[in-house]
Amino acid sequence: MYIAVALDGNHQPLLIAFALGTINCDDSWLWFMRRLKECLGDNTEVGFISHMSDSIDFAVQRVYPNSYHGYCCKNIAEKIRASTAWNTVVNGNHLHWLDNIPIAKWVRAFFPRVRFNIKFIDIPDVVNWFRRNMHEFPITTIIEMVHDSMQAVYLQRAAFGVHFIGDFLGLLTPYALKVIHKRFMHSDGCRIRHIVSDKYEVSKYSTTESVQLDRGICSCGKNQKCGIPCEHAIASLQRLEIAEIHRMANLKLSTTVYRNGYQTETVNPIPTRRHWEIPVESVVVLPPRQFS
């Protein structure tokens with residue numbers, strides 16, 4: 001099963017595409033990635049976090065050559081646990097493959113977008129269940145069940161979005177509000193020095209960061225990386241008006257975008273058999289013969 005998952009404005013995983021295949025290889029992932037690009041469009045700026053897979057790396061480099069692609073920290077941790085016990089970890093006998101991971105592939109440190117709070121993206125539980133039990137159902141049944149389940153997710157989140165009140169300038173998604181509240185608390189104790197115009201220097205403990213409010217930039221990196229004002233930017237406002245802090249957040253984290261995303265979009269229906277893409281080199285596998 002080939003799966004593409006994204007995060008919505010409330011930091012919840014959402015299945016955006018899936019496919020079923022018979023083999024995990026370069027050609028399969030290349031086909032899937034090309035179809036994904038057809039759906040997203042050429043102008044969409046994306047970054048990828050994936051399992052450690054040469055085939056996925058191959059497909060991303062060819063279809064999205066200018067996009068960042070890093071390895072899921074959770075997947076790496078699972079491989080470490082599976083490959084060796086603690087006594088061999090100390091000796092390093094079975095972890096030589098870690099040396100082959102380029103530094104730029106470590107998403108926690110080098111992801112160019114939301115590097116401060118994304119280590120991995122969980123696959124929705126319903127998809128995990130189908131992936132573990134897919135051999136028990138016909139392929140058409142699996143596709144229909146995943147489709148119906150994800151459509152239910154859309155309807156559920158659309159209903160959740162209806163309960164948001166206020167406009168996008170004064171109200172963000174619960175996730176964004178939670179992060180802002182945490183950073184608001186961390187801004188306490190910051191020492192602010194006005195440099196010129198919208199530029200400030202903010203110090204706390206032994207660190208000093210530079211803030212440019214009108215450009216939404218802070219030298220700590222959090223402000224521009226995740227679209228939510230950092231504690232240094234919040235401290236620079238000085239007046240600490242909630243509405244002004246909310247306006248500094250990226251538009252994608254607004255309740256308006258969240259509502260529109262789930263109220264105007266539906267999960268694409270499954271095409272009929274005559275629209276299926278059947279490879280020319282496909283082989284028909286007959287059932288085993290029964291002998292009396």
Side-chain angles (χ1 to χ4, degrees), residues 1-8 13-80 82-83 97-98 100-108 110-114 118-135 137-147 149-150 267-268 270-271 273 275-283 285:
M1 179 176 280
Y2 315 104
I3 304 168
V5 179
L7 287 176
D8 64 16
L14 178 68
L15 177 68
I16 59 175
F18 75 98
L20 300 175
T22 57
I23 187 172
N24 185 3
C25 65
D26 292 355
D27 290 340
S28 296
W29 277 107
L30 187 60
W31 173 87
F32 178 74
M33 201 64 64
R34 284 172 175 167
R35 297 299 177 272
L36 179 65
K37 190 171 186 177
E38 289 178 5
C39 296
L40 297 179
D42 292 333
N43 297 325
T44 303
E45 184 181 3
V46 294
F48 294 91
I49 301 174
S50 75
H51 286 184
M52 290 181 59
S53 168
D54 292 338
S55 293
I56 298 178
D57 205 19
F58 169 84
V60 172
Q61 288 181 21
R62 278 154 182 76
V63 181
Y64 287 96
N66 298 321
S67 295
Y68 174 80
H69 176 216
Y71 293 144
C72 170
C73 296
K74 184 177 180 179
N75 179 244
I76 294 175
E78 290 172 349
K79 286 183 176 292
I80 292 175
S83 63
W97 53 270
L98 284 171
N100 298 325
I101 303 178
I103 293 177
K105 291 291 187 181
W106 293 91
V107 287
R108 187 61 170 179
F110 292 94
F111 193 68
R113 288 290 177 264
V114 198
I118 288 187
K119 293 181 287 186
F120 59 89
I121 299 178
D122 277 327
I123 296 174
D125 292 338
V126 63
V127 180
N128 266 327
W129 185 88
F130 284 124
R131 189 170 59 175
R132 291 191 300 266
N133 300 278
M134 58 189 298
H135 61 279
F137 302 95
I139 184 171
T140 51
T141 302
I142 295 173
I143 293 175
E144 290 291 351
M145 293 173 72
V146 172
H147 172 271
S149 298
M150 295 315 300
V267 180
N268 291 330
I270 306 302
R273 179 184 285 271
H275 294 292
W276 291 4
E277 186 174 325
I278 302 176
V280 177
E281 65 277 10
S282 62
V283 178
V285 181

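Sequential numbering from 1 along the given sequence is applied to the chain's residues.
Atom OG of Ser53 sits about 8.0 Å away from atom CG of Asp26, to the nearest 0.5 Å. In this structure, the separation between CD1 on Ile16 and CG on Leu7 is 10.0 Å, given to the nearest 0.5 Å. Atom NZ of Lys74 and atom CD1 of Ile49 lie 12.5 Å apart (nearest 0.5 Å). Taking NZ of Lys105 as the reference point, atom OH of Tyr68 lies at 7.0 Å (rounded to 0.5 Å). A distance of 10.0 Å separates OG of Ser67 from CE of Met33, quoted to the nearest 0.5 Å. Gln61 CD to Phe48 CZ: the interatomic distance, rounded to the nearest 0.5 Å, is 12.0 Å.
Taking all atoms of both residues into account, the shortest heavy-atom contact from Leu14 to Met150 is CD1-CE, 4.1 Å. Between Ala4 and Leu15, the shortest heavy-atom distance links the atoms O-CD1, 3.6 Å. Minimum interatomic distance between Trp29 and Ser55 (heavy atoms only, all atoms of both residues): CD1-CB, 3.6 Å.
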Any chance you could lay out the side-chain contact (heavy atoms from CB on, under 4.5 Å) test for Asp57 and Tyr71, step after step, and finish with the verdict? CA-CA 10 Å; Asp57 205 19; Tyr71 293 144; 3.8 Å; yes
Given Tyr2 and Arg35, is the side-chain contact (heavy atoms from CB on, under 4.5 Å) satisfied, shown in steps? CA-CA 11 Å; Tyr2 315 104; Arg35 297 299 177 272; over 6 Å; no
When you look at Val63 and Leu36, which way does the side-chain contact (heavy atoms from CB on, under 4.5 Å) test go after all the steps? CA-CA 10 Å; Val63 181; Leu36 179 65; over 6 Å; no
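Taking Tyr64 as the reference, nothing meets the side-chain hydrogen bond (donor to acceptor under 3.5 Å, both in side chains) condition, with sequence neighbours excluded.
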